[in-house]
**Q** 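Structure below; questions to follow.
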Amino acid sequence: MTNPTQDSLTTDLRRLEEIVRSLEAEDTDLDRALQLFEEGVSRLRAARDRLADAEVRVQKVLEDAAGQLHVTDFEG
Amino acid sequence: MTGSLFDPPSEGQLPPAHPPSRPTALSITELVSTLRKSVEAATGPVWVKGEVTSFKAYGSGHWYFSLCDPQSAVRCVMWKTYTMKVGAVVADGTEVYALGTPTVWEERGELRMSVQVLLPTSGIGLAQLARERVRSALEKDGLLDPFRKRSLPAFPVRIAVVTSADGAALRDIMIVSRRRWPSVRLLVVPAKVQGAEAAAALVRALAVVNRLERVDLCIIGRGGGSKEDLSAFDDEQVCRAVAGLRVPSISAVGHEADISLTDLVADARAATPSAAVERALPDRADTLRHVQSLASRLAHGLRRRTALVGARLARSGDRIQVAMGRRLDGPRAQLDRYSGQLEALSPLRVLGRGYSVARLADGRVARRRTDLPPGTAFNLSMTDGDIAAHAD
């Protein structure tokens, strides 16, 4: 699974808001409107993918005597 | 000099009987102002312990009272900025620790203590006094300034959690995370949260958080416990480490009523570790609903857009028809005129008035009597048809 970053969902939702507002405004020409719509659809798909079910992953970070960090799965 | 300044002076101590010449006499303002400066410089801000008497809280929010012990008293003023932090008013007779600066109220030439912190001694031990000292130090360095608080990320993906690896706090954080935002990744940096080593362990763990890459947020906290159990979160070094986090932080220590100093330093405070997660993570169901609403607005937006274009096209169509009509108007009028003329010229129209036309067998029109000698057969065209005829 690719690791989504917080920015992508934030960006997708923010961009979607912009697109919707532009489409709702009257002064967008049709070519532009269609372009925006296509972009909107792909951003929606991306946002839904990011929201798809996933399992919370819990890891433990430990520092060894040499100051190195080790990340292991947490057995809670 | 023997005796107090306020004891009646003995003969030998009397000032000269004659008033000094004018240039050496101070104005009262000069005198009081000089005294104020030396009183303020004498101790600077200082902690005192005493009993509150003559307490009066004014509508302006300022408090006036005296602090006294069996031998002495000092009038005190506490401005609204500070009284707001005390909360409830203080009853006469309450023993308190007060942090204040002695000064002189110049208009009256009276000694005053300008109090900034007031803590009832009942129920507070040295720990709370120490806590208050730490709080003042943090405040002095601007670490409690609301303006330095950062906003929390909208959709954190990797959250560092500084707490005990086997405490209730971590369990609660995991449960709420699963419910709200299952795609989150929790990076637990374990630390002792109570006992003598807790403060140092928390400071180390917070330093580890600063070394982790791609962390969006840090939650630091623990579940409920006694005041002593929570005291590591009042530690000055722990607070400074929280303030030094590279990422926004939420402090969640104990239960609702417990407020630790890390709560004041962190970017956000949550009443409990569960509440910290509620604060940190959006609700997946809510976000899905939001995405759904964006989807329908998107579709509706495009439909509306295309409908507008359709209407505009229809209007353009109308305009074409009108333009074409205009183009056709000229020829049509001409045609009408022609057809009128044609009709006027039509022989049928003449016949309609009662005339008839005689045509010879070869179709020629008989115009003169000589065209029709007796016995000639001809056709008589009338308005409704022809009749065969003979000339006699």
Side-chain angles (χ1 to χ4, degrees), chain A residues 1 3-34 36-41 43-63 67-76, chain B residues 153-158 160-162 165-166 170-171 173-190 204-205 207-209 211-217 282 284-285 287-288 290-306 308-310 312-313:
Chain A
M1 166 189 140
N3 208 356
T5 66
Q6 59 152 344
D7 282 346
S8 28
L9 187 56
T10 313
T11 312
D12 281 340
L13 290 181
R14 192 173 298 146
R15 180 69 188 133
L16 267 169
E17 299 266 8
E18 281 170 14
I19 289 172
V20 165
R21 272 199 299 276
S22 299
L23 279 179
E24 286 169 346
E26 294 212 358
D27 52 359
T28 323
D29 69 47
L30 187 61
D31 278 350
R32 179 76 187 130
L34 285 169
L36 286 174
F37 181 76
E38 277 174 25
E39 188 193 338
V41 168
R43 295 228 180 229
L44 269 178
R45 195 172 297 134
R48 284 208 176 106
D49 286 350
R50 290 186 218 292
L51 287 167
D53 281 317
E55 198 43 36
V56 172
R57 193 160 173 209
V58 186
Q59 292 174 303
K60 188 160 68 171
V61 185
L62 290 175
E63 188 181 21
Q68 291 288 312
L69 299 186
H70 300 277
V71 181
T72 53
D73 279 342
F74 182 80
E75 317 284 339
Chain B
F155 302 103
V157 174
R158 289 159 62 94
V161 181
V162 174
D166 49 11
L170 182 58
R171 203 183 52 236
I173 286 172
M174 283 160 63
I175 290 170
V176 179
S177 298
R178 282 195 186 102
R179 175 159 55 76
R180 283 183 80 84
W181 200 256
S183 56
V184 74
R185 185 187 291 197
L186 302 177
L187 292 159
V188 182
V189 186
R204 271 200 306 278
V208 167
V209 172
R211 290 172 59 200
L212 291 173
E213 283 171 16
R214 289 190 299 128
V215 170
D216 305 311
L217 178 71
R284 182 170 164 273
T287 310
L288 270 173
H290 179 53
V291 168
Q292 194 50 48
S293 111
L294 281 171
S296 62
R297 279 173 68 194
L298 185 70
H300 182 253
L302 185 72
R303 258 203 306 279
R304 194 160 159 279
R305 204 64 220 106
T306 49
L308 277 172
V309 171
R312 200 169 287 170
L313 273 178

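Letters go in sequence order (proteins before strands), and every chain restarts at 1. Just so it is clear, the model here is predicted, and its values are computed rather than measured.
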**Q** Identify the two heavy atoms, one from B:Pro153 and one from B:Asp216, that lie closest to each other, and give their separation to 0.1 Å.
**A**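 Closest heavy-atom pair between B:Pro153 and B:Asp216: CG-O, 3.5 Å.
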
**Q** Work out which heavy atom in B:Pro282 is nearest to a heavy atom in B:Phe155; give both atom names and the distance.
**A** CG-CD2, 3.3 Å

**Q** Pick whichever of B:Val189, B:Asp166, B:Leu294 has the most heavy-atom pairs under 4.5 Å with chain A.
**A** B:Leu294

**Q** At a 4.5 Å cut-off on heavy atoms, which part of B:His300 comes close to chain A: side chain, backbone, both, or neither?
**A**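 For B:His300, there is no contact with chain A at all, as no heavy atom is under 4.5 Å.
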
**Q** Are the side chains of A:Leu62 and B:Pro190 in contact, using a 4.5 Å heavy-atom criterion?
**A** yes

**Q** State whether A:Glu17 and A:Arg14 are salt-bridged, where the test is any N-O pair (Lys NZ or Arg NE/NH1/NH2 against Asp/Glu carboxylate O) under 4.0 Å.
**A** no

**Q** Can you check whether A:Leu23's main-chain N or O pairs, donor with acceptor, with B:Arg297's side chain at less than 3.5 Å?
**A**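 Between the backbone of A:Leu23 and the side chain of B:Arg297 there is no qualifying donor-acceptor contact (under 3.5 Å).
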
**Q** Name the option with the most non-hydrogen atom pairs under 4.5 Å to chain B; the candidates are A:Leu36, A:Ile19, A:Leu44.
**A**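 Looking at each option in turn, the highest pair count goes to A:Leu44.
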
**Q** Identify which part of B:Leu170 has an atom lying under 4.5 Å from any heavy atom of chain A, answering side chain, backbone, both or neither.
**A**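 The side chain, not the backbone.
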
**Q** For A:Val41, is it the side chain, the backbone, both or neither that has a heavy atom under 4.5 Å from a heavy atom of chain B?
**A**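 For A:Val41, backbone and side chain are both near chain B.
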
